**Q** 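Got a structure here, written out as structure tokens. Questions coming.
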Amino acid sequence: MAQDVRRSSERAKRLPRAVREKQILDAAVEVFSQHGYHMASMDVISEVAGVSKPMIYSYLGAKEELFGHCIRRESNRLFEAVRDGIRPDVPPDMQLWHGLRSFYGFVAEYRQSWIVLHRHALAAGDPFAKEVTALRTRAIELVRDLVVSAGTQRGLASQAEFSGEGMAAALVGAAESLADWWLDNPHVPEGVLASWLMNLTWLGFNDLVEGFVWRPTE
């Protein structure tokens, strides 16, 4: 009888695989954000997750595989947050504004995720850095499409096509740097960050697609 009760209790504690994996990944992101990839301990991850190390290995692999799973999950969550935040029913500049608000909203809500992606994944080198590079490439393509759309609406599609990708790369890099600065200056509201970046970059984008180009003087 006692054995049957114990078995019933063990079955009650079992969680669906997706729930268990989320539990492990959430704990891993927390530990990796605090200690970085190389210094993070599987013992600590196991303790924070409340599961055994053999269970982590069984579900998500050793530390290298686990870190890769974290990078992929957080990359997808970040990109989807930005993509879904862009409203297709507004002009390109407002689409970008909403995208930036969504980006900084994600960083605010998932601070540990951003630290893992922007600081620790790049520092850990390949193959983790490649995952972040792939995320940045998708973000650049998203912004490039907005720049090209703005230029096309003004009848300057060729100019926008020529400069769109490079300008998008500059904006994505600026957005990342500002988010990194924000980690140490969290008192600034996310909407203010988005406004700063729009004033810094979109006015220049607008002049560029209108055909106004700055040139150095001799």
Side-chain angles (χ1 to χ4, degrees), residues 6-85 99-100 102-143 169 172-173 175-186 190:
R6 185 167 59 253
R7 288 176 178 172
S8 176
S9 177
E10 289 173 354
R11 284 195 295 270
K13 293 179 181 178
R14 292 175 184 167
L15 295 175
R17 184 180 185 91
V19 176
R20 186 66 79 187
E21 287 184 353
K22 181 181 182 302
Q23 177 184 1
I24 296 170
L25 287 172
D26 288 346
V29 168
E30 178 182 342
V31 175
F32 283 131
S33 71
Q34 294 174 358
H35 303 287
Y37 170 66
H38 295 293
M39 298 301 294
S41 164
M42 291 293 280
D43 288 321
V44 175
I45 294 172
S46 171
E47 181 179 349
V48 173
V51 302
S52 66
K53 283 201 298 183
M55 179 175 286
I56 296 177
Y57 297 144
S58 174
Y59 276 67
L60 294 166
K63 188 167 80 167
E64 181 176 354
E65 295 170 285
L66 178 60
F67 192 59
H69 283 296
C70 289
I71 297 303
R72 284 185 289 276
R73 188 187 74 163
E74 303 316 308
S75 292
N76 288 331
R77 291 171 72 185
L78 173 55
F79 182 79
E80 289 167 5
V82 174
R83 182 196 61 197
D84 295 345
L100 289 172
S102 298
F103 169 63
Y104 290 119
F106 179 92
V107 176
E109 185 174 0
Y110 302 103
R111 177 187 176 92
Q112 294 174 334
S113 300
W114 177 249
I115 291 174
V116 169
L117 287 173
H118 189 65
R119 291 185 175 177
H120 297 316
L122 293 173
D126 290 337
F128 311 120
K130 288 183 179 179
E131 297 280 356
V132 178
T133 299
L135 169 64
R136 182 177 291 135
T137 298
R138 287 194 290 170
I140 290 172
E141 291 171 351
L142 196 63
V143 176
V172 169
E176 292 176 344
S177 295
L178 189 56
D180 199 43
W181 174 86
W182 194 31
L183 293 177
D184 300 318
N185 299 271
E190 59 216 51

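On a predicted model such as this, the values are computed, not experimentally measured, just so you know. Residue numbers run from 1 in the order of the sequence given.
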**Q** Which heavy-atom pair separates Pro127 from Glu64 by the least distance, and what is that distance?
**A**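 What the structure gives for the nearest pair is CD-OE2, 4.3 Å.
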**Q** Count the heavy atoms belonging to other residues, nucleotides or ligands that lie under 6.0 Å from CD of Glu80, then report whether that count exceeds 12.
**A**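 For Glu80, atom CD is crowded (more than 12 foreign heavy atoms under 6.0 Å).
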**Q** Any chance you could lay out the ring-ring contact (aromatic ring centres under 6.0 Å, His included) test for Phe103 and Trp114, step after step, and finish with the verdict?
**A** CA-CA 10 Å; Phe103 169 63; Trp114 177 249; 5.4 Å; yes
**Q** Using salt bridge (charged side-chain N to carboxylate O under 4.0 Å, His left out) as the criterion, list what pairs up with Glu176, not counting sequence neighbours.
**A**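 Here the qualifying residues are Arg136.
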**Q** Can you list the residues that meet the side-chain contact (heavy atoms from CB on, under 4.5 Å) rule with Ala40, with sequence neighbours excluded?
**A**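 Ala40 satisfies side-chain contact (heavy atoms from CB on, under 4.5 Å) with Val31, Phe32, His35 once adjacent residues are dropped.
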**Q** Is there a donor-acceptor contact under 3.5 Å from the side chain of Tyr104 to the main chain of Ala175?
**A**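 Yes; judged by distance alone, with no hydrogens or angles, the pair exists.
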**Q** Residues in side-chain hydrogen bond (donor to acceptor under 3.5 Å, both in side chains) with Glu109, at least two apart?
**A**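 By the side-chain hydrogen bond (donor to acceptor under 3.5 Å, both in side chains) rule, Glu109 matches no residue at all.
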**Q** Side-chain polar contacts of residues 70-78 - donor-acceptor pairs under 3.5 angstrom, sequence neighbours left out - could you list them?
**A**
unit_1 : atom_1 : unit_2 : atom_2 : d
Arg72  : NH1    : Glu131 : OE2    : 3.1
Arg73  : NH1    : Asp26  : OD1    : 3.0
Arg73  : NH2    : Asp26  : OD1    : 2.8
Glu74  : OE1    : Arg77  : NH1    : 3.1
Glu74  : OE1    : Ser113 : OG     : 2.6
Glu74  : OE2    : Arg77  : NH1    : 3.4
Ser75  : OG     : Ile71  : O      : 2.8
Asn76  : OD1    : Arg138 : NH2    : 3.2
Asn76  : ND2    : Arg72  : O      : 3.2
Arg77  : NH2    : Tyr110 : OH     : 3.4

**Q** Indicate the atoms forming the closest heavy-atom contact of Leu183 with Ile115, along with that distance.
**A**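 Residues Leu183 and Ile115, closest heavy atoms: CD1-CG1, 3.9 Å.
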**Q** Ignoring hydrogens and angles, tell me if any N or O in the side chain of His120 forms a donor-acceptor pair with the backbone of Ser33 under 3.5 Å.
**A**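 Yes; judged by distance alone, with no hydrogens or angles, the pair exists.
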**Q** For Ser41, what residues pass the side-chain contact (heavy atoms from CB on, under 4.5 Å) criterion, not counting sequence neighbours?
**A**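 Scan of Ser41 (side-chain contact (heavy atoms from CB on, under 4.5 Å), adjacent residues dropped) gives Asp43, Val44.
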**Q** Checking Asp126 now: which residues fulfil salt bridge (charged side-chain N to carboxylate O under 4.0 Å, His left out) with it, not counting sequence neighbours?
**A**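 By the salt bridge (charged side-chain N to carboxylate O under 4.0 Å, His left out) rule, Asp126 matches no residue at all.
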**Q** Can you tell me how far CZ of Phe79 sits from CG of Leu142, rounded to the nearest 0.5 angstrom?
**A**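 Answer rounded to 0.5 Å: 5.0 Å.
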**Q** If you round to the nearest 0.5 Å, how far is CZ of Phe67 from CD1 of Ile45?
**A**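 Answer rounded to 0.5 Å: 9.5 Å.
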**Q** Spell out, as yes or no, whether a donor-acceptor pair under 3.5 Å connects the side chain of Ser58 to the backbone of Pro54.
**A**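 No, Ser58 side chain to Pro54 backbone: no donor-acceptor pair under 3.5 Å.
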**Q** Under the side-chain contact (heavy atoms from CB on, under 4.5 Å) test, which residues partner Ser102, sequence neighbours left out?
**A**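 So Ser102 forms no side-chain contact (heavy atoms from CB on, under 4.5 Å) with any residue.
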**Q** Please name all residues satisfying ring-ring contact (aromatic ring centres under 6.0 Å, His included) with His69, sequence neighbours left out, ordered by chain then number.
**A**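 So His69 forms no ring-ring contact (aromatic ring centres under 6.0 Å, His included) with any residue.
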**Q** Please list, chain by chain and in numerical order, all residues satisfying side-chain contact (heavy atoms from CB on, under 4.5 Å) with Ala134, sequence neighbours excluded.
**A**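 Partners of Ala134 under the side-chain contact (heavy atoms from CB on, under 4.5 Å) test: none.
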**Q** Using the side-chain hydrogen bond (donor to acceptor under 3.5 Å, both in side chains) criterion, which residues pair with Glu21? Sequence neighbours excluded.
**A**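 If we apply the side-chain hydrogen bond (donor to acceptor under 3.5 Å, both in side chains) test to Glu21, skipping adjacent residues, the hits are Arg17.
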**Q** Could you tell me which non-hydrogen atom of Phe106 sits nearest to which non-hydrogen atom of Ala81, and how far apart they are?
**A**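 It is CD1-CB, 4.1 Å.
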**Q** Restricting to non-hydrogen atoms, name the atom on Lys53 and the atom on Ser46 that form the minimum distance, rounded to 0.1 Å.
**A**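 Residues Lys53 and Ser46, closest heavy atoms: N-OG, 3.5 Å.
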